[in-house]
There are 2 protein chains.
Amino acid sequence: MDVFLKTVSALNDETRILILRFLDEYGDSCVCDLQTSLDMIQSRLSRHLKILKEAGFLRVERRGTWAYYAIRSPLDRFRSEALEEIRHLDITLPPLQKTSQTGACKL
Amino acid sequence: MDVFLKTVSALNDETRILILRFLDEYGDSCVCDLQTSLDMIQSRLSRHLKILKEAGFLRVERRGTWAYYAIRSPLDRFRSEALEEIRHLDITLPPLQKTSQTGACKL
DNA sequence: ACAATATATCAACATATGTTGATTTAATGA
DNA sequence: TCATTAAATCAACATATGTTGATATATTGT
């Protein structure tokens, strides 16, 4: 029960759906790039990334000062199906902005 | 987006998961019987049944004074998958009590 | 060690959602 | 029409969750 509810609860937010969709489309991203691309305050992003991670949707990998988040693979059946639904939602995805590469990522 | 979020939001509650599991196990039930079997206040049940119905999980059929709720069929892919998950959750389902038959269902 | 930057966490607040008891609406039968 | 019962809705309250700005932690380079 707990695991299922946590999974569902993680899906129950527009911000997190957008994040999932973004990572699904563009692949691994550091918080910094997500912040620029999605135009979100850093604490807000961290919160949602943590929830998605703890719900089993994402994994994190630390590279230097950066934390790269990515969709976990392989996802189990239910999470995969949820992601598939999200893929077909009518969302206007913002372009990927890799400010972390250029060093222009100062918070 | 709206439809998906509404679906997910409907799943995001223990009470509603229990109701879905119950109806999946025992089939159509009137609010009255659900109330007795699940030991829930009537207004609480009505609320959750409405949410589940509007989210596309349930259908209602009025028979006399009674409103019989049942899992909609066929469910679409995502809702089916969700129901399948719910089927495998570790929930101790209370026994079905058909008080509506005996007339002992006074609220 | 210190400065700079990336990320995580915290506290305060606002909004959303669930619960309950009361009231309203609907259907049936005398 | 009136009484009875089932179900829906409402109002008040409590709890959960999201947002924001501030602070803490972590990593790198000087």
Side-chain angles (χ1 to χ4, degrees), chain A residues 2 5-20 23 28-55 58-70 97-107, chain B residues 2 5-20 23 28-55 58-70 97-107:
Chain A
D2 248 16
L5 257 182
K6 190 173 236 180
T7 308
V8 166
S9 175
L11 290 169
N12 193 34
D13 181 90
E14 297 204 27
T15 301
R16 291 193 285 271
I17 289 180
L18 180 60
I19 292 174
L20 281 175
L23 292 175
D28 307 27
S29 300
C30 63
V31 179
C32 173
D33 285 346
L34 284 168
Q35 189 191 340
T36 310
S37 303
L38 299 178
D39 190 29
M40 281 184 204
I41 285 179
Q42 185 262 322
S43 65
R44 186 181 170 199
L45 264 176
S46 274
R47 172 182 220 275
H48 292 298
L49 289 169
K50 182 182 183 184
I51 291 174
L52 284 170
K53 185 184 57 144
E54 291 182 342
L58 302 182
R59 58 174 171 73
V60 210
E61 185 189 336
R62 200 114 197 172
R63 298 181 210 158
T65 26
W66 293 274
Y68 280 79
Y69 283 86
Q97 298 185 51
K98 291 227 171 194
T99 55
S100 59
Q101 307 288 12
T102 68
C105 192
K106 301 167 188 173
L107 291 183
Chain B
D2 247 18
L5 257 182
K6 191 172 237 182
T7 307
V8 166
S9 174
L11 290 169
N12 193 35
D13 182 90
E14 298 204 27
T15 302
R16 291 192 287 272
I17 290 181
L18 179 59
I19 292 174
L20 281 175
L23 291 175
D28 308 25
S29 299
C30 62
V31 179
C32 172
D33 285 346
L34 284 169
Q35 190 192 339
T36 310
S37 302
L38 300 178
D39 189 29
M40 281 184 203
I41 285 179
Q42 186 262 321
S43 65
R44 185 180 171 199
L45 264 175
S46 274
R47 173 181 220 274
H48 292 299
L49 289 169
K50 183 182 183 183
I51 291 173
L52 285 170
K53 184 184 59 148
E54 290 181 344
L58 301 183
R59 60 175 169 73
V60 211
E61 185 189 335
R62 199 118 197 169
R63 298 180 210 159
T65 27
W66 294 274
Y68 280 79
Y69 283 85
Q97 299 184 49
K98 291 225 172 196
T99 55
S100 59
Q101 307 289 15
T102 68
C105 193
K106 301 167 189 175
L107 293 182

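All chains are named by letter (A, B, ...) in the order of the sequence lines, taking the proteins before the strands, and each is independently numbered beginning at 1.
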Original post:
Of all the choices, D:dT17, D:dT20, D:dA7, which nucleotide is nearest to the side chain of A:S9 once you look at every atom?
Top reply: D:dT17
Original post:
Do NZ/NE/NH1/NH2 and the carboxylate oxygens of B:R47 and B:D13 come within less than 4.0 Å?
Top reply: no
Original post:
To the side chain of A:I41, which of D:dT20, D:dT19, C:dT19 is closest?
Top reply: D:dT20
Subject >> Side-chain touch B:L18/B:M40, heavy atoms, less than 4.5 angstrom >> reply: yes
**OP:** Could you tell me whether the phosphate oxygens of D:dG18, OP1 or OP2, come under 4.0 Å of any side-chain nitrogen or oxygen in A:R47?
**Re:** yes
Original post:
Expressed in angstrom and rounded to an integer, what is the separation of A:E61 atom CD from C:dA6 atom P?
Top reply: 18 Å
**OP:** Starting from the 5' end of DNA chain C, give me the residue, A:N12 or A:L45, whose nearest nucleotide shows up first.
**Re:** A:L45
Original post:
Between the base of C:dA6 and the side chain of A:Q42, is there any donor-acceptor pair under 3.5 Å?
Top reply: no
**OP:** Send over the distance from A:R44 CZ to D:dT23 P, rounded to a whole Å.
**Re:** 22 Å
Original post:
At under 4.0 Å, does any side-chain N or O of B:H48 touch on OP1 or OP2 of C:dT17?
Top reply: no
**OP:** Please figure out whether A:D13 or A:R63 has its closest DNA chain D nucleotide nearer the 5' end.
**Re:** A:D13
**OP:** State, to 0.1 Å, how close B:L34 and B:S29 come at their nearest heavy-atom pair, and which atoms those are.
**Re:** CG-CB, 3.9 Å
**OP:** Could you state the atom-to-atom distance from CH2 of A:W66 to P of D:dT25 in whole Å?
**Re:** 22 Å
**OP:** Could you state the atom-to-atom distance from CZ of A:R62 to P of C:dT5 in whole Å?
**Re:** 16 Å
Subject >> Contact summary for A:A67 and A:V60, nearest pair of heavy atoms >> reply: CB-CG1, 4.0 Å
**OP:** Just call it for B:R16: base, sugar-phosphate, or nothing, with non-hydrogen atoms closer than 4.0 Å on any strand.
**Re:** sugar-phosphate
**OP:** Check the distance between C:dG18's P and B:L11's CG and give it to me in whole angstrom.
**Re:** 12 Å
Original post:
According to a strict under-4.0 Å criterion, is A:K50 in side-chain N/O contact with OP1 or OP2 of C:dA8?
Top reply: no
**OP:** Verify the contact: side-chain N or O of A:S46 to OP1 or OP2 of C:dA6, cut-off strictly under 4.0 Å; return yes or no.
**Re:** no
Subject >> Separation of C:dA8 P from A:I51 CD1 (nearest whole Å) >> reply: 13 Å
Subject >> Separation of atom CG in B:L38 from atom P in C:dT19, rounded to whole Å >> reply: 12 Å
Original post:
Does the A:R16 side chain pair with the main chain of A:S9, one donor and one acceptor, at a distance under 3.5 Å?
Top reply: yes
Subject >> Per A:T65 side chain, nearest of listed nucleotides D:dT27, D:dG18, C:dG21 >> reply: D:dT27
Original post:
Of all the nucleotides listed (D:dA8, D:dT27, C:dT19), which has the minimum atom distance to the side chain of B:Y69?
Top reply: D:dA8
Subject >> Gap between atoms CG and C1', on B:D33 and D:dA7 respectively (whole Å) >> reply: 13 Å
Original post:
For A:Y69 and A:L23, which heavy atoms make the closest approach, and how far apart are they?
Top reply: O-CD2, 3.7 Å
Original post:
Hey, is the side chain of A:S43 pairing donor to acceptor with the base of D:dG21 inside 3.5 Å?
Top reply: yes
